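Okay, structure first, notes after.
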Amino acid sequence: LKTSGLRHLLRIAKSQYDFHSVRNTGGHRVQTASLMDSYEVQDHLSHLATFAFWSGVDKAACTWMLRCTRHERLQALSRLSGDEFSPAVFECGTHMQESDVVNLPEMLPWLEKHLPELEISYPRLPYLFSLFKAHKGCHRWLANAHNCVFSEAAMLVQCTTEAALDVLRTICGRLDTQDGACSFPAVSSMYEVLLNLPSTPSAAFAADITKCFEAIPTGDVPHSLQGAVRWIFNTTFGENEGKVLCVKWSVSNMKPLLTRWKVQCPPDGEDYVYISFDQDRIVSLSIWLMTSAYCAFGDRVWLQILGIAMGFACSPVWCTVYLLFYEFHFIQRLRSLELPQLLVHFSDWFRYIDDLLWLAGIPHYFFFNPSSPMLDDNPFWIYPLHILEIKPEVQEWFPATSPWLFGKKVNYLSFTLEIVPGGFTLKRYIKRAELPFKTVQFLQYRSNRSVASLYGTPKSQLVPYLYVHSDSASARVTLADLVDILVNHQGYPSARVLRVLNEAIGAGQFPGLLYDHTEIEL
């Protein structure tokens, strides 16, 4: 489709939209958009749908792009033909259909036997789809596991594993008091990093731990996810001897409400049941889920035999547990080898899923060398780098005064940290700013959302905008840019946006902020 033809199509579609406002049951004015019946518009869209489809851009979900259907199918088949997937076939070589796989003895019958408390509502498989990562020029492949045969099991594994992580954090806190090193660098949000930054870091190193989801083994092999899962539940159940993990499950909403360690689960209620997990039960459910990751594409089915299936509710938690297994044992190895001179450099390191930030004045290469032997008496290795890969995200290095480089400026999550004399500076980092096209982050004011919910947008952006800066002047500039985008590009009323932000700044409490937020007035 030529650019001129696409613009013509968009002009036609836009001219046929009839915008009008109504009041919803809460009394809020809502802008509703309805596409009027038009043969010309329908004819253009039907023609377009034969060879292309609309999709959101990764990191800019409100920005739509046109993607070629044939190209995307070829990309998907190329991925499914790799080492990570195996086609589901009968012994005679015939390809299985979705219903055949679901009714295998090790699939739905196994789940119904081991989770009799639940009624599996959607006996179907997840399907493969992708998002285009425009800032990296590649695809993010996912399995849409919403309302499928794995949905309930994935949510149960997620909430129980998160409860185990909370216990492990407490255990590591006790162990770390002796030398100050951190054996639990996993964090749950960007704010946890920002609130725990050291006052005077000497150097910074940030990295993306790549190939996590697609390369981590899930079978019964060395360096497998199974070993990490068994380790965390063995450790935490040992800490809570005589107790079980008790999950309060909503029958109507089909999701977990609460997870607690109990000696015995309370009686069931009218709209909820309690599901009790001992160590063997939750480990067997986790291993079943990671080794039964079937997905559908068209009328064929594939089994993922390598890597963590992205799209499950528990997938990010599994990645956290796998990397934490090596981080915990790395710190314990340094302690057993009695190397305090190395332990002091690991008090300020953070990892959010697969994004690593390490603030220490020691060359990172010592510990991220793929050729370093993974031996019990070798202190210079952390992760299994024959499986994973460390991709540095350092933007600027200190001038070389030795054979080793030290990071001065790094991008991490949504902020840029730069080491300066006597401390550091922070400013907001926007990945999508480097894209070769204009992106849209927020909904238009003239949309089908209520006015009350639309004004939640500037308030929701206020906290991250404040914390990713180290001074009030730069925070004010960034907030002014936010106002400019909302007013001049998204159609928000200027006076109302400014009033909402100023009231939130004046009334808000922001613990741990590096400056006085009351100095900001828009």
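Please read these numbers as outputs of a predicted model, since none were measured by experiment.
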Inset, instruction - With V247 as reference, evaluate T160, I282, L258 under the side chain to side chain contact (heavy atoms under 4.5 Å, CB included) test and give the passing residue. - result: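 Only one option passes, and that is T160.
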Taking [Y]'s backbone N and O only, do any of them form a donor-acceptor pair with [X]'s side chain (distance below 3.5 Å, no angle check)?
X	Y	answer
W288	L111	no
D348	P198	no
Q395	V410	no

Does anything in [range] pair up under salt bridge (Lys or Arg N to Asp or Glu O under 4.0 Å), and if so which pairs, sequence neighbours excluded?
range	result
residues 86-104	none
residues 352-379	none
residues 200-215	K136-D208, K211-E389
residues 191-204	R169-E192

Check: residues 320-329 side-chain donor-acceptor pairs under 3.5 Å, at least two apart:
residue: T320; atom: OG1; partner: P316; partner atom: O; Å: 3.1
residue: Y322; atom: OH; partner: H223; partner atom: O; Å: 2.8
residue: Y326; atom: OH; partner: H223; partner atom: ND1; Å: 2.8
residue: E327; atom: OE1; partner: R351; partner atom: NE; Å: 3.3
residue: E327; atom: OE1; partner: R351; partner atom: NH2; Å: 3.0
residue: E327; atom: OE2; partner: R351; partner atom: NE; Å: 2.5
residue: E327; atom: OE2; partner: Y383; partner atom: OH; Å: 2.5
residue: H329; atom: ND1; partner: F325; partner atom: O; Å: 2.7

Roughly how far apart are [X] [atom1] and [Y] [atom2], rounded to 0.5 Å?
X	Y	atom1	atom2	value
W318	F312	CH2	CZ	7.0 Å
L342	L334	CG	CG	6.0 Å
S151	L118	OG	CG	11.5 Å
I430	N411	CD1	CG	11.0 Å
L359	F205	CG	CZ	11.5 Å
L385	S371	CG	OG	9.5 Å

Surrounding [atom1] of [X] (heavy atoms of other residues, nucleotides or ligands, distance under 6.0 Å), is the total greater than 12?
X	atom1	answer
E338	CD	no
R124	CZ	yes
H386	NE2	yes

Inset, instruction - Report the residues that fulfil salt bridge (Lys or Arg N to Asp or Glu O under 4.0 Å) with E393, sequence neighbours left out, ordered by chain and then residue number. - result: none
Inset, instruction - Please list, chain by chain and in numerical order, all residues satisfying salt bridge (Lys or Arg N to Asp or Glu O under 4.0 Å) with K409, sequence neighbours excluded. - result: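 Not a single residue meets the salt bridge (Lys or Arg N to Asp or Glu O under 4.0 Å) criterion with K409.
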Legend entry - Partner set under disulfide bond (SG atoms under 2.5 Å apart) for C159, not counting sequence neighbours: none
Is there a side-chain contact between [X] and [Y], using heavy atoms and a 4.5 Å cut-off?
X	Y	result
L128	W302	no
L195	Y467	yes
V229	M290	yes
E72	S130	yes
L303	T291	no
L197	L426	yes
F184	I171	no

Inset, instruction - Identify whether NZ of Lys or CZ of Arg in R281 sits under 6.0 Å from the centre of the six-membered ring of F277 and within 45° of that ring's axis. - result: yes
Inset, instruction - Would you verify whether the NZ or CZ of R333 falls within 45 degrees of the ring axis of W381 while also being under 6.0 Å from that six-membered ring's centre? - result: yes
Inset, instruction - Kindly give the heavy-atom pair with the smallest separation between A145 and P126, and that separation in Å. - result: CA-CB, 3.8 Å
Legend entry - side chain to side chain contact (heavy atoms under 4.5 Å, CB included) assessment of F233 paired with S286: CA-CA 11 Å; F233 284 116; S286 301; 4.2 Å; yes
Legend entry - No-hydrogen, no-angle side-chain donor-acceptor test under 3.5 Å, T478 and H469: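 Looking only at side-chain atoms, H469 and T478 do form a donor-acceptor pair, the distance falling under 3.5 Å.
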Legend entry - With sequence neighbours excluded, residues passing side-chain hydrogen bond (donor to acceptor under 3.5 Å, both in side chains) with Y352: none
Inset, instruction - Describe, in one word, how the ring planes of Y127 and F129 are oriented to each other, choosing from parallel (under 30°), tilted (30 to 60°) and perpendicular (over 60°). - result: tilted
Legend entry - Whether F368 and W358 hold their rings parallel, tilted or perpendicular, with breakpoints at 30° and 60°: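 Taking W358 first and then F368, their aromatic rings stand perpendicular (interplane angle over 60°).
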Who pairs with [X] by ring-ring contact (aromatic ring centres under 6.0 Å, His included), at least two apart in sequence or on another chain?
X	answer
F415	Y412
Y429	none
W141	H139

Inset, instruction - Evaluate the criterion side chain to side chain contact (heavy atoms under 4.5 Å, CB included) for residue pair M254 and E152; output intermediate values, then yes/no. - result: CA-CA 7 Å; M254 296 302 292; E152 291 86 356; 3.5 Å; yes
